[in-house]
Amino acid sequence: MKFAVLVFPGSNCDIDAVKAVEDVLGEAVEPVWHTTTDLSGYDAIIVPGGFSYGDYLRCGAIARFSPVMEAVKQAAAEGKFIIGICNGFQILTESGLLPGALRHNDHLQFRCAISPLVVENNSTPFTSDYAQGQVIHIPIAHGEGNYHVDEETLSRMKANNQIVFRYYEHNPNGSLERIAGVCNEAGNVLGMMPHPERAVHQLLGSEDGKALFTSILKAWRDKQGA
């Protein structure tokens with residue numbers, strides 16, 4: 001299996017994502033500059049956190065026009081696994097690959113802490129190694145993680161089981177219904193504000209992010225019949 005980790009001007013979690021794939025899975029992974037137009041050689045794509053283009057204008061609003069995003073859309077249509085983390089989540093919503101939008105935290109403060117989450121849906125390619133309803137601890141670090149979507153879309157998302165993670169017993173940013181991560185209708189594109197790549201060793205305070213990466217590898221092997 002081969003992973004691509006996209007790099008935009010302002011990405012700052014790309015190396016963390018590369019190291020997480022290497023350390024947890026031992027699979028091939030490469031950083032890919034945002035001007036790339038061909039992702040056909042990769043099986044999974046990680047859109048990492050950071051501050052793409054300085055997050056000027058609006059988070060992810062400029063990165064959505066990077067040449068690589070057309071290739072990401074093509075990969076999504078082909079059923080490849082795509083995960084957007086923090087700024088990557090914002091880019092995926094701005095690109096229309098995921099529903100909703102990320103607004104400023106309701107208290108207008110930046111939050112950086114290990115946050116408890118509930119696994120709401122463990123039937124996705126990203127969460128099968130978690131138990132349904134499992135509480136996990138994953139770091140957050142954002143000022144614009146306040147997930148919002150209109151009522152009609154929220155109802156459709158619930159019917160399609162697209163809410164993957166919720167914050168557990170607290171709401172660090174004012175997100176609608178404590179939503180922390182969602183997937184697309186097909187289930188192969190995930191966006192989440194917390195950082196699983198920063199929770200892969202106990203030395204970091206939690207290794208609860210490891211199961212997300214092992215789930216992706218298991219799903220890929222199932223698709224390949226391996």
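The figures here come from the full heavy-atom set of this structure, side chains too, leaving out hydrogens, waters and symmetry mates. Positions are given from 1 along the sequence.
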Is it the case that atom [atom1] in [X] sees more than 12 heavy atoms from other parts of the structure closer than 6.0 Å?
X    : atom1 : answer
H104 : NE2   : no
E151 : CD    : no
F110 : CZ    : yes
K73  : NZ    : yes
Q202 : CD    : yes
L203 : CG    : no

Hydrogens and angles aside, do [X] and [Y] bring a side-chain donor and acceptor to less than 3.5 Å of each other?
X    : Y    : result
T127 : N122 : no
S175 : N146 : no
T124 : N121 : no

Give a yes or no answer on whether the side chain of [X] reaches the backbone of [Y] with a donor-acceptor pair at less than 3.5 Å.
X    : Y    : answer
N184 : N188 : yes
N171 : G174 : yes
Q134 : A131 : yes
S66  : V68  : no
S95  : L92  : no
N160 : Q162 : no
T93  : A101 : no
S128 : P125 : no

Looking at [Y] and [X], is any side-chain nitrogen of the basic one under 4.0 Å from a carboxylate oxygen of the acidic one?
X    : Y    : result
K158 : E177 : yes
R103 : E144 : no
E94  : R58  : yes
D43  : K80  : no
E27  : K2   : no

Just verifying a value: how many Å separate [X] [atom1] and [Y] [atom2], rounded to the nearest 0.5 Å?
X    : Y    : atom1 : atom2 : value
R198 : I114 : CZ    : CD1   : 11.0 Å
I136 : E207 : CD1   : CD    : 12.5 Å
C183 : F126 : SG    : CZ    : 8.0 Å

Decide yes or no for [X] and [Y]: does some side-chain heavy atom of the first lie under 4.5 Å from some side-chain heavy atom of the second?
X    : Y    : value
P194 : L117 : yes
V32  : Y42  : yes
M192 : V164 : no
I45  : F3   : no
M69  : H34  : no
F81  : V189 : no
N105 : P172 : no
H170 : P116 : yes

- Check step by step if side chain to side chain contact (heavy atoms under 4.5 Å, CB included) holds for F213 and I46. CA-CA 11 Å; F213 293 98; I46 298 176; 4.2 Å; yes
- Message: If hydrophobic clusters are built from ILVMFWY residues whose side chains come within less than 4.5 Å, do I83 and Y130 share one?
- Response: yes
- Task: Treat each ILVMFWY residue as a node, draw an edge where side-chain heavy atoms are under 4.5 Å apart, and state whether I179 and Y168 are in one component.
- Result: no
- Give the minimum heavy-atom separation between C13 and G50, together with the two atoms involved. SG-N, 4.3 Å
- Query: Looking at residues at least two apart in the chain, or sitting in another chain, which of them share a salt bridge (charged side-chain N to carboxylate O under 4.0 Å, His left out) with D14?
  - Reply: none
- Task: For L212 and E197, run side chain to side chain contact (heavy atoms under 4.5 Å, CB included): C-alpha distance rounded to whole Å, both residues' side-chain angles, the deciding distance at 0.1 Å, then the answer.
- Result: CA-CA 9 Å; L212 185 139; E197 82 281 11; over 6 Å; no
- Can you label the angle between the F89 ring and the Y147 ring as parallel, tilted or perpendicular, going by 30° and 60°? parallel
- Query: Can H137 and S115 be said to form a side chain to side chain contact (heavy atoms under 4.5 Å, CB included), step by step?
  - Reply: CA-CA 5 Å; H137 294 81; S115 181; over 6 Å; no
- Query: Among L102, I85, L98, V47, which one satisfies side-chain contact (heavy atoms from CB on, under 4.5 Å) with Q90?
  - Reply: L102
- Query: In a check of side chain to side chain donor-acceptor pair (under 3.5 Å) between N173 and each of Q109, R111, H142, which one passes?
  - Reply: H142
- Task: Show the numbers, then the answer: is there a side chain to side chain contact (heavy atoms under 4.5 Å, CB included) between I140 and H195?
- Result: CA-CA 6 Å; I140 60 169; H195 287 263; 5.8 Å; no
